[in-house]
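Report on the structure given below.
Everything numeric here is computed off the predicted structure, so don't read it as measured data. Just the heavy atoms: all of them, side chains too, but no hydrogens, waters or symmetry mates, feed the values below. Sequence positions, counted from 1, serve as the residue numbers for this chain.
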Amino acid sequence: MAKYDLVTSMCPFLDRHLILPLVQFLHSNNVYPQQQMLKAKIDLLQKTNMVDFAKECFVQRYPDRTPPINYNLQREKIVSKMTKLLQVTEKLRNLINNEQINVKAIDFPQKLIENNISNEAVNSMYTLAKFLFDCGLYSQASEILASYYFMIPNDETQQLKVLWGKFACEILMRNWDIAYLDYNKIKEYIETTTFNSPLEALNYRAWLANWSLFLFFGRSINKNSLLDLLLNEQFSYVIQFLCPYLLRYVAATAILRGKKASREILRLIQQEESNYSDPITKFFDCLAGQLNFYKIKPLLKEMENVIAVDYFLSPIKDEFMESARQLVFDYYSRVSISIKLSTLADILSMEKNVCERWVLNLVRIIRADIKLDFQNDQILITPHISLPHQQILEKTKTIVTRCSTLITTLSKTNEAPEEQNEEVEQF
């Protein structure tokens with residue numbers, strides 16, 4: 001099962017505090033040897049201020065050894081530095097907490113002068129928040145970052161750092177609604193900013209794509225949101241050049257969505273097959289791309305092994321597997337007017353009587369025009385034939401949106417040279 005673990009691939013695009021829950025998941029599920037996972041935790045915690053947790057992991061890994069004195073010395077330094085930062089920012093924090101100063105108000109700079117608040121105190125707010133974050137005190141760090149964000153309205157670069165830090169805090173506290181707001185702000189910044197190089201922009205998008213997995217699989221929201229992000233033209237380059245493993249989550253989200261696959265999803269999975277594939281992407285391709293039902297059975301079983309080592313999919317294993325089985329039935333019923341119950345039960349790895357009850361329940365839910373002939377061991381499907389005018393409407397219903405997008409793109413392209421000419425003239 002360890003061969004399906006993606007944590008090592010994700011690490012370059014995650015903060016170490018976000019890596020920690022992934023490592024703890026692997027540890028608790030015995031994916032790797034216990035000693036190896038404890039060492040990984042110790043290494044991960046070395047560059048944080050979570051010294052007590054690191055010491056605890058050391059004791060677990062080396063029960064016969066006395067923890068090094070460095071842990072105690074480091075703890076003293078951390079307490080000392082935190083005390084200094086709290087002292088420097090105490091007056092400003094008290095004014096904010098007592099609502100004597102409104103960080104969102106236009107007169108905020110003037111209020112700082114009136115209350116003798118130095119620039120050092122303002123800048124130390126960010127330092128304190130980062131320090132608290134490194135200590136694992138995410139709630140306190142988030143509160144300070146929320147205030148500090150409005151103290152620097154003219155510094156977009158620093159504001160972006162604040163947003164990343166706050167986004168991480170909200171993820172780790174599982175405050176999904178607030179995290180979603182931070183995610184949208186970061187996404188907007190990335191989409192509207194001109195970066196120094198295409199590689200820099202690609203890295204920003206890679207970080208956001210990986211961080212967003214916590215949000216979209218942790219929060220009960222429309223599954224299309226993750227697909228909208230990853231299938232966006234700019235973010236699809238992240239999959240192609242930096243993070244091909246994100247195809248697992250494209251395929252998984254498409255399966256959970258339970259609708260007929262879009263050509264775009266299939267094209268991306270088939271195009272990047274040489275760079276990345278696993279039982280989930282293969283299942284999706286076999287089903288939606290090849291309509292090869294004979295390969296489905298082993299892939300269904302293997303997908304359970306993938307989910308067992310996946311931090312994001314493991315909590316929704318039952319929902320995911322049920323969606324996969326329903327998708328198999330959906331595609332099977334599209335290409336057949338009769339299905340043998342015994343054949344379907346074999347593909348889905350179910351006992352025949354269990355499969356019968358499952359199909360009965362599914363028919364009630366989807367209200368399809370399906371009849372069950374238990375005597376002849378058949379599921380009879382009445383084919384749904386669309387009228388010509390319905391087919392035309394279906395194929396042209398997105399034409400307005402596509403035309404609008406094309407017009408917007410062309411207008412931006414035409415504006416760019418004009419802006420350049422204006423800059424030359426001004427120069």
With sequence neighbours left out, write down each residue that passes ring-ring contact (aromatic ring centres under 6.0 Å, His included) with [X], or none if nothing qualifies.
| X | result |
| --- | --- |
| Tyr62 | Phe58 |
| Phe293 | Tyr332 |
| Phe312 | Phe214, Tyr249 |
| Phe53 | none |

Find the distance between [atom1] ([X]) and [atom2] ([Y]) and round it off to the nearest 0.5 Å.
| X | Y | atom1 | atom2 | answer |
| --- | --- | --- | --- | --- |
| Ile280 | Tyr4 | CD1 | OH | 10.0 Å |
| Cys243 | Met10 | SG | CE | 8.5 Å |
| Ile296 | Arg325 | CD1 | CZ | 12.5 Å |
| Leu291 | Tyr294 | CG | OH | 12.0 Å |
| Tyr331 | Cys286 | OH | SG | 12.5 Å |
| Arg263 | Leu268 | CZ | CG | 16.0 Å |

Evaluation steps, side chain to side chain contact (heavy atoms under 4.5 Å, CB included), between Ile316 and Glu319: CA-CA 5 Å; Ile316 55 171; Glu319 178 190 351; 3.8 Å; yes
So does [Y] get a backbone contact from the side chain of [X], meaning a donor-acceptor N/O pair under 3.5 Å?
| X | Y | answer |
| --- | --- | --- |
| Ser142 | Ser139 | no |
| Asn232 | Asp228 | no |
| Asn361 | Arg357 | no |
| Ser212 | Ala209 | yes |
| Glu200 | Asn196 | yes |
| Asn184 | Tyr180 | yes |
| Asp5 | Val7 | yes |
| Ser124 | Thr127 | no |

Presence of salt bridge, Lys282 and Asp278, under 4.0 angstrom: no
Salt bridge flag under 4.0 Å for residues Asp310 and Arg248: yes
Under 4.5 Å between any side-chain heavy atoms of [X] and [Y], yes or no?
| X | Y | result |
| --- | --- | --- |
| Leu92 | Met151 | yes |
| Cys355 | Val359 | yes |
| Tyr71 | Pro68 | yes |
| Thr48 | Leu45 | yes |
| Leu181 | Glu170 | no |
| Lys301 | Pro298 | no |
| Ile265 | Phe284 | yes |
| Lys41 | Arg61 | no |

Residue pairs fulfilling ring-ring contact (aromatic ring centres under 6.0 Å, His included) with at least one residue in residues 113-142, sequence neighbours excluded: His17-Phe133, His17-Tyr138, Tyr126-Tyr148, Phe133-Tyr138
Should we say atom [atom1] of [X] is surrounded by more than 12 heavy atoms from elsewhere, each under 6.0 Å from it?
| X | atom1 | answer |
| --- | --- | --- |
| Glu120 | CD | no |
| Lys91 | NZ | yes |
| Arg75 | CZ | no |

Verdict with reasoning, Asn203 to Leu242, per side chain to side chain contact (heavy atoms under 4.5 Å, CB included): CA-CA 8 Å; Asn203 277 315; Leu242 290 180; 3.8 Å; yes
For a quick test of your reading: what N or O donor-acceptor pairs under 3.5 Å do the side chains of residues 341-354 make, sequence neighbours left out?
unit_1	atom_1	unit_2	atom_2	d
Ser342	OG	Asp377	OD2	2.9
Asp346	OD1	Lys297	NZ	2.9
Lys352	NZ	Asp377	OD1	3.2

Side-chain donor-acceptor pair under 3.5 Å between [X] and [Y], yes or no?
| X | Y | value |
| --- | --- | --- |
| Asn72 | Glu76 | no |
| Trp358 | Glu322 | yes |
| Tyr149 | Gln158 | no |

Residue among Thr281, Ile239, Leu6 satisfying side-chain contact (heavy atoms from CB on, under 4.5 Å) with Tyr245: Leu6
Glu272/Asn275 under side chain to side chain donor-acceptor pair (under 3.5 Å): CA gap, chis, key distance, verdict: CA-CA 5 Å; Glu272 298 301 318; Asn275 294 326; 2.6 Å; yes
Taking every non-hydrogen atom, the tightest pair across [X] and [Y]:
| X | Y | value |
| --- | --- | --- |
| Ala179 | Leu215 | CB-CD1, 4.1 Å |
| Gln270 | Gly289 | NE2-CA, 4.0 Å |
| Pro21 | Leu172 | CG-CD2, 4.3 Å |
| Ala54 | Ile42 | O-CG1, 4.4 Å |
| Asp182 | Lys166 | OD2-NZ, 3.3 Å |
| Ser314 | Ile307 | CB-O, 3.5 Å |

Trp211 and its ring pair (Phe, Tyr, Trp, His ring centres under 6.0 Å) partner, picked from Trp164, Tyr183, Tyr204: Trp164
Chi angles and distances behind the side chain to side chain contact (heavy atoms under 4.5 Å, CB included) call for Leu230, Ser236: CA-CA 6 Å; Leu230 297 180; Ser236 67; over 6 Å; no
Evaluation steps, side chain to side chain contact (heavy atoms under 4.5 Å, CB included), between Arg334 and Asp330: CA-CA 6 Å; Arg334 288 172 188 269; Asp330 181 48; 3.2 Å; yes
